[in-house]
Number of protein chains: 2
Amino acid sequence: MSEPHRHPQVPHVTLDAVARTAGVSPATASRALNGTTRVRDELLRRVRAAADELGYIPNAHAQALASASNNTVGVICHDVADPYFAAIASGIMASAAERGVLVMLASTFRAPEREIAYLSMLRAQRARAVLLIGSGFQDPAWERALDAELTPYLRGGGRVAVVSRHRSLRVDTVLPENRAGAAALARALLALGHRQFGVLSGPGRLTTVADRLAGFRQGLAEAGVRLADGRVVEGAFTRDGGYEAASELLRRGPRPTCVFAVTDVMAVGALAAFRDHGLRVPEDISLAGFDDIPLVRELTPPLTTVALPLTGMGRAALDLALREPRGPRSRVERIVGEVRVRASTAAVG
Amino acid sequence: MSEPHRHPQVPHVTLDAVARTAGVSPATASRALNGTTRVRDELLRRVRAAADELGYIPNAHAQALASASNNTVGVICHDVADPYFAAIASGIMASAAERGVLVMLASTFRAPEREIAYLSMLRAQRARAVLLIGSGFQDPAWERALDAELTPYLRGGGRVAVVSRHRSLRVDTVLPENRAGAAALARALLALGHRQFGVLSGPGRLTTVADRLAGFRQGLAEAGVRLADGRVVEGAFTRDGGYEAASELLRRGPRPTCVFAVTDVMAVGALAAFRDHGLRVPEDISLAGFDDIPLVRELTPPLTTVALPLTGMGRAALDLALREPRGPRSRVERIVGEVRVRASTAAVG
DNA sequence: GCGCTTTCTGAAAGCGATTTCCCGGCCTGA
DNA sequence: TCAGGCCGGGAAATCGCTTTCAGAAAGCGC
């Protein structure tokens, strides 16, 4: 009878083992492998040879513990499946790859308690930096809880950067010029002759939403056009949220000639809703979004939007967080969006 | 004159500090916080109180070192910005969130050496499991290097699962039934009356590509339809790759009545290419893809495709890798795709 | 040839937890 | 009442590495 199948669980190769087969002390082995100090050439060769003969892989935990350094950063976003976050995350990954840092990515799925939980885990991991992507949560209690997590982390030497989010704490920030962008978009839409607008807005009092809405209003106001409150419909920051909001807007009537969705993702839903209501875009109704996520170029018609350099913003956030020397002041990188007029908006009449 | 701004760099709160303020030994503090052993209720309360008074956050590295356990898993994919990977990653994240594990996510940007490098880093981190998402690299040398990295990891007790990828090693696998799916798609297209096909295929000899191609051919063959080699154009696994391949296919003429792109992402590019060449889909040419990434439902026309439960596959991969007890045999979870006929394919006149 | 740097190397002390190991009470049964 | 268990808690070893600290060897000027 044969033994039950075994999992031999070979122990890991340690630095001591490497040192022993190389015939040097662990101290020397460490120095040789890390290049911390000059080591006699022969010993260096011997250590290296031993290391890859044994297939030595340093234990990152031991390294982190001993040296109080660490090669990981954390990223917290709402959902990687959302193209907006995916694009930003991709930029972060690119920068991380160049720096040789490992990224711990967490999706909150829009649950504030998860954001806090993850932050705590990242603190436990002693992540060099934490990036918070996307708007925060409306509830001031959660924001306070977040700050309570963030403050000691910062004091402990952690770096924090946020993207598209306002913080009360002084942390590095990558911030789209939402107001200006939306205002510019409004002007572009006005230039097409539109006067009757509708807006699909995001949830609650997210600053991103508030800014884009305010900017849009301001752009209209410059031309003396007013946006009635009834013309603004709130929805979730998702494709389906956009669909619902657009449907609601149509239900409310009278139908605007042009609709602005505060994010492209919502605009995607809106486009579907309009179609399902038998409306042609842009002939019957124009539609514009914000962000310029890659997929909107593939829509029919391609979406007019305010383009944000999403992957660049991701890069910038990590670069900001990990910059050396660490400046005394936190930095704010302002990103100006660029209006891209595409076929989803047409001139009226 | 004021001091230059300082970064006081407060030291971390350690378990010893907690133990001291609670008036117990570190051993007891550890036991109290982890619930490893019964601890007298009063001590337990004192320790807990001390811990959150001081804002104690355990050092995950010390924990990992001491207990040889670890709460992180690694995921290696090609690019999170690709909706295919984003969807899978989202499923992984969801499962990870429930389990309280932290995910280290790495994008190779399709560079094989980066895949190896990341795997090595994840080994150093002693990740409990590593998930490899998406097809491997053609080069057998790289695959060998990968196995050389994987083998000791497995021996060391690491878990590995792969998604949409064939491994020579015995690792858990989530594998779409590419052949069957493509064959089913072929039958559906034949049922629409198509006989002249073109295929936009992926790079080199990726098994995913080979299987889908073979399945498609087989499905056609059952009806006595042959697909000439000249009707198969290779392109990169990207939107632009699809665009190029589609353009090349048209250039080669005579134009097929129906085109199958081996991935939806490529199909998106193909759709744009057809449009740019003045062709209407599906009136002039039908188009089908594979994967059913969310965005294809938003296209005009919505894309006929073979639907894969992408986020479910991500979940399954993590669940497979972390299942307890660890079975002696590796498991293969076969995913059957479901043909979804949408408006991008029409019956031929 | 002698003292004094400079270089290189090894011994040993941490880093911050977990986990034996062990001991002192207290409970139980005879 | 006493031996034997059980239970809770402290001391100390341990995880695998980095980094002082100090010593040995080598180089140098006088």
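Letters A, B, ... mirror the listed sequences (proteins, then strands); counts begin at 1.
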Would you mind classifying the nucleic acid contact of Ala68(B) as base, sugar-phosphate or nothing, using non-hydrogen atoms under 4.0 angstrom? nothing
Reported [atom1]-to-[atom2] distance for the pair [X] and [Y], which is rounded to 0.5 angstrom:
X	Y	atom1	atom2	answer
Glu115(B)	Glu149(B)	CD	CD	10.5 Å
Leu146(B)	Ser120(B)	CG	OG	11.5 Å
Ile133(B)	Leu310(B)	CD1	CG	11.0 Å
Met93(B)	Leu318(B)	CE	CG	9.5 Å
Tyr118(B)	Leu132(B)	OH	CG	13.5 Å
Met313(A)	Leu320(A)	CE	CG	12.0 Å

Any [X] side-chain nitrogen or oxygen under 4.0 Å from OP1 or OP2 of [N]:
X	N	value
Tyr56(A)	dG16(D)	no
Thr14(A)	dG16(D)	no
Ser25(B)	dG9(D)	no
Asn59(A)	dC15(D)	no

I'd like to know whether the aromatic ring centres of Phe109(A) and His78(A) sit less than 6.0 Å apart in this structure. no
Under 4.0 Å between a Lys/Arg side-chain N and an Asp/Glu carboxylate O for Glu53(A) and Arg48(A)? no
Electrostatic pair Asp319(A):Arg99(A) at N-O distance under 4.0 angstrom: yes
Whole Å only: how far is the [atom1] atom of [X] from the [atom2] atom of [N]?
X	N	atom1	atom2	answer
Arg126(A)	dC17(D)	CZ	P	20 Å
Asp41(B)	dC7(D)	CG	C1'	14 Å
Arg46(B)	dG8(D)	CZ	C1'	13 Å
Gln63(A)	dG14(C)	CD	C1'	16 Å

Just the table, please: protein N/O against nucleotides 21-26 of chain C N/O, every pair under 3.5 Å.
none

If you define the side chain from C-beta out and look only at heavy atoms, does anything of Val18(A) sit under 4.5 Å from Val47(A)? yes
Verify salt bridge (Lys or Arg N to Asp or Glu O under 4.0 Å) between Asp139(B) and Arg144(B), making sure each step is shown before the conclusion. CA-CA 9 Å; Asp139(B) 191 340; Arg144(B) 240 173 295 131; 5.9 Å; no
Assign each of Thr36(A) and Leu65(B) the nucleotide of DNA chain D bearing its closest heavy atom; nearer the 5' end lies the nucleotide of Leu65(B)
Need to verify one output field. Residue with the more 5' nearest nucleotide on DNA chain D, Thr28(B) or Ala66(B)? Thr28(B)
If you fit an axis to the five pairs at each end of the helix from dG1(C)-dC30(D) to dA30(C)-dT1(D), how big is the angle between those two axes, to 10 degrees? 40°
Give every pair of a protein N or O atom and an N or O atom of nucleotides 5-8 of chain C that lie under 3.5 Å apart, one pair per line with the distance.
none

